[in-house]
Amino acid sequence: MNAQAALSPYSSSAGKTERHETHVLSVLVDNEPGVLARVVGLFSGRGYNIESLTVAEVAHLQGLSRITVVTSGAPETIEQISHQLERIVPIHRVTDLSLDNAFVQRELAMIKVRGKGEARTEALRLAEAFRARVIDATTESFIFELTGAPKKIDDFVELMRPIGLVEVSRTGVAAITRGPQAM
Amino acid sequence: MSKIMTGAEMVVQALQDQGVTHLFGYPGGAVLPIYDALFHQDKVQHVLVRHEQGAAHAAEGYARSTGKVGAVLVTSGPGATNAITGLTDALMDSIPVVCITGQVPTHLIGSDAFQECDTVGLTRHCTKHNYLVRKIEDLPRILHEAFYIARSGRPGPVVIDIPKDVQFASGPYAPPKNAQHKTYHPRVKADIGKIKQAVAMMAKAKKPILYTGGGVVNAGPAASTLLRELVQQTNFPITSTLMGLGAYPGSGPNWLGMLGMHGSYEANNAMHDCDLMVCIGARFDDRITGRLDAFSPGSKKIHIDIDPSSINKTVMVDLAIVGDCGHVLEDIVRLWRAEAHQTDAKALGAWWAQIDKWRARKSFGYKKSDTTIKPQYAIERLYELTKDRKTYITTEVGQHQMWAAQHYKFEEPNRWMTSGGLGTMGYGLPAAIGTQLAHPDALVIDIAGEASILMNIQELSTAKQFLAPVKVFILNNEYMGMVRQWQELLHGGRYSSSYSEALPDFVKLAEAYGMKGIRCSDPKNLDAAIQEMIDYPGAVLFDCLVDKAENCLPMIPSGKAHNDMILPDFEEDIGKVIDDKGKMLV
Ligand SMILES: Cc1ncc(C[n+]2csc(CCOP(=O)(O)OP(=O)(O)O)c2C)c(N)n1
Ligand SMILES: [Mg+2]
């Protein structure tokens, strides 16, 4: 975040941990205009990190949307982020999924790779190993569709890079708790 | 029991139904229908300010001094942007304000129409909540919801942006029902188990301190009464933030004075050395804590606050109690009594003996003079001559504000209106007008600096028009004194642009506005001049020429700890006190 603030006598680490963690927050909001701007504005205004953010309506009749934010910071900062989010009026509920770590997360990516000959076969072989699907092909390119945890996508992208990675489009993370209960 | 009316009429009807008596505003094209609706009634008095920032501060003064929601009406574009400083001020100090802004018609939104601005976008960061009303059907609900959100939980400003076509449209209006919101549910009642824990910790404490803030004032007068009862039962020492002054009486035996950067030596040292800190409705602001890693190192800390995000934000606490200060205090006092708790009288006696030693340093002391008016002396005299009246004090921002907080003793809550969190010069005069209109028979004084007062001086016209007999008491040191003081501390005394050059003649200025001007420069004449100000039935601008070089002490220099204060008897060069790291801070 901002290293300078971390050194300031007014933002001391006294009593706080040094750990830096990545957390997935699930935020249930009223699907009204501006609600996403409120959430994003909170992160930028207070200097919190956003590593990924997704939003979509999840219950049309009740007008509910679900925002999934992946953020990082000291555990106290993340607790603070949850409380700050809870202050936003049209937010129903904020759940830090990472707290009891019983959740699944998925991201979808489309990866465009360019190449001929040996590179093409290599790309296809790796795609198969990752269970990526070909969703577009020309004689000199593929677009792969890959779903998985972010790490899996990172790994695949790294493997494609030397082969002829052109560009990547990722959705960001969607996440949900395990088991029968709602968040 | 709904009635068909226009959007503009709904606004006025809702203001009436919400008990608004005064609406501070300024007209313009995008709010003309609402002004027309106001024209046809006399329940809500419209107070025409001279700048929209003034409207917002006046509403704050009204709100802080009454505990009610302050109401503002401004036009689109520049009307809205001018109000933003006041909205931000209200957000920082948790003041309930509803601000209605006009907007260009819905079909023009986004076209850069004349006097269009993205009001909800601009005010998203400086309001508790805001609305753009797109349909007339939503307007009645939004109007009532806005008042509910502004005054409940941790209070704050709410903006309702109403496009002009919505003001003209018609629809059914219903009066406010029992406010229930689908997502917003502030928690007022705290977990009783935690309150029990707090009471047990208090009973065991050997060196306790109560550190209270604006939350106690916001919780209503009953909370202040309970606080006094708690102090009486426990004999704990008590200090407060700038915002919390008056919740416990300034003349009370357990009062240590304000704490923080310009707080008393005894309050800050007691904070530093205590073994139990009970923070009630305050937020560990940097003006209060000073250097965080040296902040009250040996204490257990209890934090009572209605806003969960205030807890563990800057200072980690041992026991967090989320709830309204009034409710929590009630539970604490009740439990303390019911369980017949006793404090450790011997330990407490020793603690008080230590506190008395700190008190003996007389950290608010200053060198008296027979020839020049010392600013502290001026406040002392003002206090002595007004303390037996129903007096409300507002301030601008700077040294005079801190001297007012140090030397004026507040006996009641809601009597002290100052810009704490944002530190807005120009706050005091409009706030005084709002306060005065809410309390027509009271004595309302804006303790001002000669620089700050010029920031909203145009509001003297408002005072004149609405017969608000406010007294503006300027501590004129011909400097932006607080800036000058920091330039001495940090920049070798190079007074870059901090001299108040080309000041107006304040007496003539008062006369130009049709009010009384008084000037005083001799301490011997001060009492009589202040008395003349008090006795004058109308508004007064008092130009009190004070010592130009006086610094506001004591002080915790930026980046230092509570027990590292500069005291008034400090003889060395204050330019050497702050190290390079401290210089980075404000
Ligand atoms: C709107 C605004 N601009 C700038 C400041 C920075 N500032 C803080 S105190 C101060 C000087 C105030 O001078 P004056 O009103 O004469 O008060 P004094 O300190 O002399 O009592 C300034 C410029 C501020 N607080 N608010
Ligand atoms: Mg000055």
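What's counted below: heavy atoms across the whole structure, side chains too, no hydrogens, waters or symmetry copies. Each chain gets a letter, A, B and so on, in the order the sequences are listed, and its residues count up from 1.
Applying the ring-ring contact (aromatic ring centres under 6.0 Å, His included) criterion to B:F147, with sequence neighbours excluded, gives no partner residue. Residues satisfying the ring-ring contact (aromatic ring centres under 6.0 Å, His included) test with B:H303, not counting sequence neighbours, are B:F284.
The local environment of CZ in A:R131 is sparse, with at most 12 non-hydrogen atoms from other residues, nucleotides or ligands closer than 6.0 Å. Other residues, nucleotides and ligands place no more than 12 heavy atoms under 6.0 Å from the NE2 atom of A:H60. Other residues, nucleotides and ligands place no more than 12 heavy atoms under 6.0 Å from the NZ atom of B:K135. Within a 6.0 Å sphere centred on CD1 of A:I176, heavy atoms belonging to other residues, nucleotides or ligands number 12 at most.
Most heavy-atom pairs under 4.5 Å with chain B, from the set A:I81, A:D30, A:L42, A:I88: that is A:D30. Taking A:A37, A:G45, A:S82 one by one and counting their heavy-atom pairs under 4.5 Å with chain B, the maximum is reached by A:A37.
Across A:G41 and B:H125, no two heavy atoms sit closer than the pair O-CE1, 3.5 Å. Heavy-atom minimum distance, B:T183 versus A:V89: OG1-O, 2.5 Å. The two residues B:R124 and A:R38 make their nearest non-hydrogen contact at CD-CG, 3.6 Å. The heavy-atom pair separating B:H129 from A:P90 by the smallest distance is CE1-CD, 3.6 Å.
At a 4.5 Å heavy-atom cutoff, B:S310 makes no contact with chain A through either its backbone or its side chain. If you measure heavy-atom distances from B:K128 to chain A, the contacts under 4.5 Å come from the backbone alone. At a 4.5 Å heavy-atom cutoff, the contact between B:I149 and chain A is made by side-chain atoms alone.
Scanning residues 140-175 of chain A against chain B with a 4.5 Å non-hydrogen threshold yields no residues.
Applying the salt bridge (charged side-chain N to carboxylate O under 4.0 Å, His left out) definition to pairs two or more places apart or across chains, none involves residues 48-71 of chain A.
Taken to the nearest 0.5 Å, the CG atom of B:D307 stands 7.0 Å off from the CD atom of A:Q84. To the nearest 0.5 Å, atom CD of residue A:E32 and atom CG of residue B:L132 are 11.0 Å apart. The CD atom of A:E86 sits 13.5 Å away from atom OH of B:Y184, with the distance rounded to the nearest 0.5 Å.
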